[in-house]
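Because the structure is a prediction, the values reported are computed rather than measured. Excluded from the calculations below are hydrogen atoms, water molecules and symmetry mates; all remaining heavy atoms, backbone and side chain alike, are included.
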Amino acid sequence: MAAFDSERGKPEILAVRTAAQTRIFQVQAVDLRFANGTERTYERLTPARRPAVMVLALHEGSLMMIREYAVGTERYELTLPKGLIDEGETPEQAANRELQEEIGMAARSLKPLRVLYSSPSHMYSPMHVFLAEDLYPSQLEGDEPEPLILHPLPLSRLDEILDNPATGDSRTLAALFLLQRLLAKR
């Protein structure tokens, strides 16, 4: 992959300015000059100030999924425990905290699988994906506006989960495909 990364130099950033600001988001206009001399302005969300975690939690032959409201799609999504990494936390600590807040369990074993970027053309938002195993009961207070509904789904039904229209979050789908590949190697 090194040749792929170095085939062409990155575009030169000529200027970065704020194009719009809300209570939560800031949109930046980024003026670029490409290697062939073409100049273009792209818009992106301001780079993430805090990365996030997503956890594939396996317990007694099931994948611990949750049902959570997503305002972007205006529906409930079948997803995985996830959240932002707090100041001073490692990704592993954040993954274990999110498990305790969202499914009431902690993991003795956390294995990093991959870092995902949901929309790299428009924002920098790294999400560390973990496999959590050897779970045990442990509850922490979360920040969700309503209780999350836990859905333990048998690993034997992984294809059904992948095909389920309620599983629409691209990060969740990517993590599930990572899990499917990992399970095929076991």
Side-chain angles (χ1 to χ4, degrees), residues 22-25 45 48-120 122-183:
T22 73
R23 183 177 59 83
I24 298 173
F25 298 107
L45 293 176
R49 291 174 182 89
R50 291 170 30 207
V53 294
M54 178 175 275
V55 187
L56 293 151
L58 304 184
H59 184 63
E60 298 177 349
S62 291
L63 175 63
M64 309 306 275
M65 297 191 74
I66 54 176
R67 183 176 172 264
E68 183 174 28
Y69 185 73
V71 71
T73 57
E74 298 180 7
R75 68 181 198 161
Y76 283 89
E77 296 281 340
L78 190 57
T79 187
L80 298 164
K82 64 187 173 311
L84 294 173
I85 298 174
D86 288 342
E87 181 88 26
E89 265 186 329
T90 66
E92 290 80 5
Q93 290 167 331
N96 232 346
R97 176 182 48 76
E98 289 296 336
L99 284 173
Q100 293 171 82
E101 291 176 0
E102 296 190 2
I103 68 168
M105 302 184 96
R108 289 184 186 93
S109 171
L110 279 169
K111 177 184 176 187
L113 296 182
R114 178 96 190 228
V115 177
L116 301 175
Y117 302 91
S118 61
S119 185
H122 299 287
M123 63 185 173
Y124 175 76
S125 56
M127 178 166 273
H128 300 261
V129 179
F130 286 91
L131 177 67
E133 295 181 290
D134 197 8
L135 304 183
Y136 60 93
S138 181
Q139 180 77 44
L140 289 175
E141 186 70 28
D143 60 359
E144 268 60 35
E146 65 180 357
L148 300 176
I149 298 169
L150 181 62
H151 286 277
L153 295 164
L155 288 173
S156 61
R157 294 180 53 202
L158 187 55
D159 284 338
E160 292 175 45
I161 299 166
L162 287 163
D163 292 337
N164 188 330
T167 311
D169 179 358
S170 62
R171 301 163 306 173
T172 298
L173 287 167
L176 292 172
F177 280 112
L178 288 170
L179 176 62
Q180 187 177 53
R181 185 173 74 178
L182 186 126
L183 293 174

Would you check if [X] and [Y] make a side-chain contact, meaning some heavy-atom pair closer than 4.5 Å?
X    : Y    : value
P126 : Y117 : yes
V55  : L80  : no
L179 : L155 : yes
L56  : L63  : yes

From [X] atom [atom1] to [Y] atom [atom2], the distance as rounded to the nearest 0.5 Å:
X    : Y    : atom1 : atom2 : result
T167 : M65  : OG1   : CE    : 5.0 Å
F130 : M54  : CZ    : CE    : 12.5 Å
L182 : R114 : CG    : CZ    : 13.5 Å

For [X] and [Y], work out which heavy atoms get closest and say how close.
X    : Y    : result
V115 : H128 : CG2-ND1, 3.6 Å
L150 : M64  : CD2-CE, 3.8 Å
A132 : L110 : CB-CD2, 3.6 Å
S138 : A106 : CB-CB, 3.9 Å
L99  : A57  : CD2-CB, 3.7 Å
A94  : I85  : CB-CG1, 3.7 Å

Residues forming a side-chain hydrogen bond (donor to acceptor under 3.5 Å, both in side chains) with [X], sequence neighbours excluded:
X    : result
D159 : Q180
D134 : R108
S109 : none
Q139 : none

By the ring pair (Phe, Tyr, Trp, His ring centres under 6.0 Å) test, which pairs, at least two apart or in different chains, include something from [range]?
range            : value
residues 64-107  : Y69-Y76
residues 139-170 : none
residues 87-112  : none

For this session: Quickly, which of L162, I161, L178 forms a side chain to side chain contact (heavy atoms under 4.5 Å, CB included) with L173? Name it, please.
Result: L162
For this session: With sequence neighbours left out, write down each residue that passes ring pair (Phe, Tyr, Trp, His ring centres under 6.0 Å) with F177, or none if nothing qualifies.
Result: none
Problem set entry | Side-chain donor-acceptor contact under 3.5 Å, T172 with T79 |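 Yes, side-chain donor-acceptor contact under 3.5 Å.
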Test: salt bridge (Lys or Arg N to Asp or Glu O under 4.0 Å). Region: [range]. Which pairs qualify, not counting sequence neighbours?
range            : answer
residues 123-132 : none
residues 135-153 : none
residues 62-80   : E68-K82, R75-E77

For this session: Applying salt bridge (Lys or Arg N to Asp or Glu O under 4.0 Å), name anything that partners D86, two or more places apart in sequence or on another chain.
Result: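 D86: salt bridge (Lys or Arg N to Asp or Glu O under 4.0 Å) contacts with R50, R97.
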For this session: Using the side-chain contact (heavy atoms from CB on, under 4.5 Å) rule, take E160 and L153 through it: C-alpha gap first, then chi angles, then the decisive distance, then the call.
Result: CA-CA 10 Å; E160 292 175 45; L153 295 164; over 6 Å; no
